[in-house]
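Before any comments, here is the structure.
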Amino acid sequence: MLQFKGLTKLADFRPKRRAAVFAAIEPGKASAVVVSHLPNLRYLCGFTGSNGVLLITGRGATFYTDPRYDIQAAQECDCAVKVVTGPVWTAVARDVRRKRLTSLALESEHLSHAQWTGLAREFGKAVKLVEAKGVVEDLRAVKSPDEIARIRQAVLLGSAAYESVLEAVREGMTEQRIAAEIDHAMRLLGAEGPAFETIVAAGKRSALPHARPTAAKIRKNQLLLVDMGACLNGYMSDMTRVAHIGRPGGQARKIYDAVLEAQLAGIAAVKPGARCMDVDASARRSLKRRGLDRFFTHSLGHGLGLEIHETPRLGGKVESVLKPGMVVTIEPGVYLPEFGGVRIEDTVLVTETGVEVLTPTSKDFAVIA
Ligand code: ZN
Ligand code: ZN
C-alpha cells in the first residue's frame with residue numbers, strides 16, 4: 001500500500017503569501033485586497049470550506065465566514081477570523097467603511113456581475129473598486145517545495161490507481177465501470193477524490209477530448225482512452241493514457257507513435273525561460289511532420305495544483321515564460337472523428353535546469369488481451 005505521510009505544514013508560508021498579494025497591487029492603486037475565490041482562500045489562509053472572504057490590508061488579514069464554519073475556520077486559518085451572521089460581504093463592507101479604506105482590489109474574474117454592481121452600489125463614491133486579475137493565480141503558479149511534494153504524491157497515487165485497474169480491464173466492461181473502478185481505487189489509496197470527473201472513452205468516442213463515460217461496453221479492436229487524476233492533500237494530478245483492446249492495427253499504431261513523439265518533443269521544450277507558446281509549438285511541429293497537426297485541437301497543457309486548471313496555460317498565444325517550480329501538464333492529442341483519438345498526458349515539473357516528468361506510468365502502447 002502506498003504511504004502518503006510526513007509533510008511539513010503549509011501554514012508557515014501563508015503570511016508571506018498574503019504579504020506578496022498585497023505587494024503585487026500597484027502602490028496607491030488600492031488600500032486593500034479582497035479575496036473570495038475558494039482555492040485562493042485555501043492558499044492564503046488555509047480555509048477549505050465553501051463560503052468566506054479574506055480582507056488583506058497593509059496591517060494584516062481578516063477572514064470572514066458564516067457560523068457553519070465557526071469551528072473549522074478556527075482550526076484551519078492562521079489569521080484573524082470573524083464569524084458573522086447574515087451575508088459575509090455585508091460584514092466585509094461594514095469593516096471596510098469602519099477602517100476608512102478608500103479603494104479595494106477585487107478578484108474581478110471570480111465575482112459575478114451582480115456581486116460587483118452590488119458592491120459598487122453599497123460603497124457609492126466612498127470606496128473605489130479596482131480589478132485585480134490573476135494576482136493570486138500568478139503567485140500560485142510557482143509552487144513551494146512542500147506543494148511540489150504534495151503534487152508528487154497525488155501523481156503517484158493516480159498512477160497506482162490507474163495501473164491496478166488497467167490490469168483488470170477486460171473486453172465487455174463498460175466505460176462507466178472502468179471509471180468507477182479508477183475512482184474507487186483512488187479513494188482506497190487515500191485520495192480525497194478524483195481531481196475531475198474521470199474520462200473513459202472507447203472506440204470512436206475517444207475522439208471526444210472531454211468524453212463522459214457511458215454504458216457502452218468496450219470491444220475488440222478499440223482504442224481505450226483514460227484521462228484521470230487524484231486529489232490528495234488538496235493538490236491535483238492529471239494523466240492520460242491510451243490502451244488498445246486486442247493488438248492495434250497500423251492506423252492506431254501510427255497515431256499513437258505520432259502523439260508520443262509530439263509529447264516527448266513538448267517535454268523536451270520545457271525549461272525555465274521557455275515561452276509557453278514555444279513549448280506548445282514544439283509539440284505541434286512534431287505532429288505537422290506527420291501531417292496530423294490539424295487534428296490537435298486544444299492547447300498543449302496547463303498548470304495544476306489546488307485546481308486542475310491553473311496558470312500557466314501552454315497555448316499557442318501565451319507569451320509568458322516558464323519558471324522553476326511551475327507544474328504543468330503536457331498533453332498533445334490527435335482526434336480522428338471516424339476512428340478515435342489518442343492523447344498522452346504527463347504532469348511535469350519545471351526544474352532549475354529543465355524538466356522532471358513526475359508521472360511514472362509507462363507510455364508504451366498497452367494492449368489489453
Ligand atoms: Zn487530463
Ligand atoms: Zn490536463
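Whatever order the structure lists ligands and atoms in, that order sets their numbers, starting from 1. Both backbone and side-chain heavy atoms feed into the values below; hydrogens, waters and symmetry mates do not.
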Which residues pass the ring pair (Phe, Tyr, Trp, His ring centres under 6.0 Å) test with Y335, sequence neighbours left out?
H298
Show all protein N/O/S atoms under 2.8 Å from the Zn ion (ligand 2), or state that there are none.
D238 OD2, H302 NE2, E331 OE2, E345 OE2
Pair E107, K133 - check salt bridge (Lys or Arg N to Asp or Glu O under 4.0 Å), show working.
CA-CA 6 Å; E107 295 178 292; K133 255 193 190 161; over 6 Å; no
Using a 3.5 Å distance criterion without hydrogens, assess whether the side chain of E331 forms a donor-acceptor pair with backbone atoms of R343.
no
I'd like to know if the side chain of H302 pairs up with that of D238 as donor and acceptor (distance under 3.5 Å, no hydrogens or angles considered).
yes
Residues forming a ring pair (Phe, Tyr, Trp, His ring centres under 6.0 Å) with Y43, sequence neighbours excluded
none
Got a sec, which residues hit side-chain hydrogen bond (donor to acceptor under 3.5 Å, both in side chains) with E192, two or more places apart in sequence or on another chain?
none
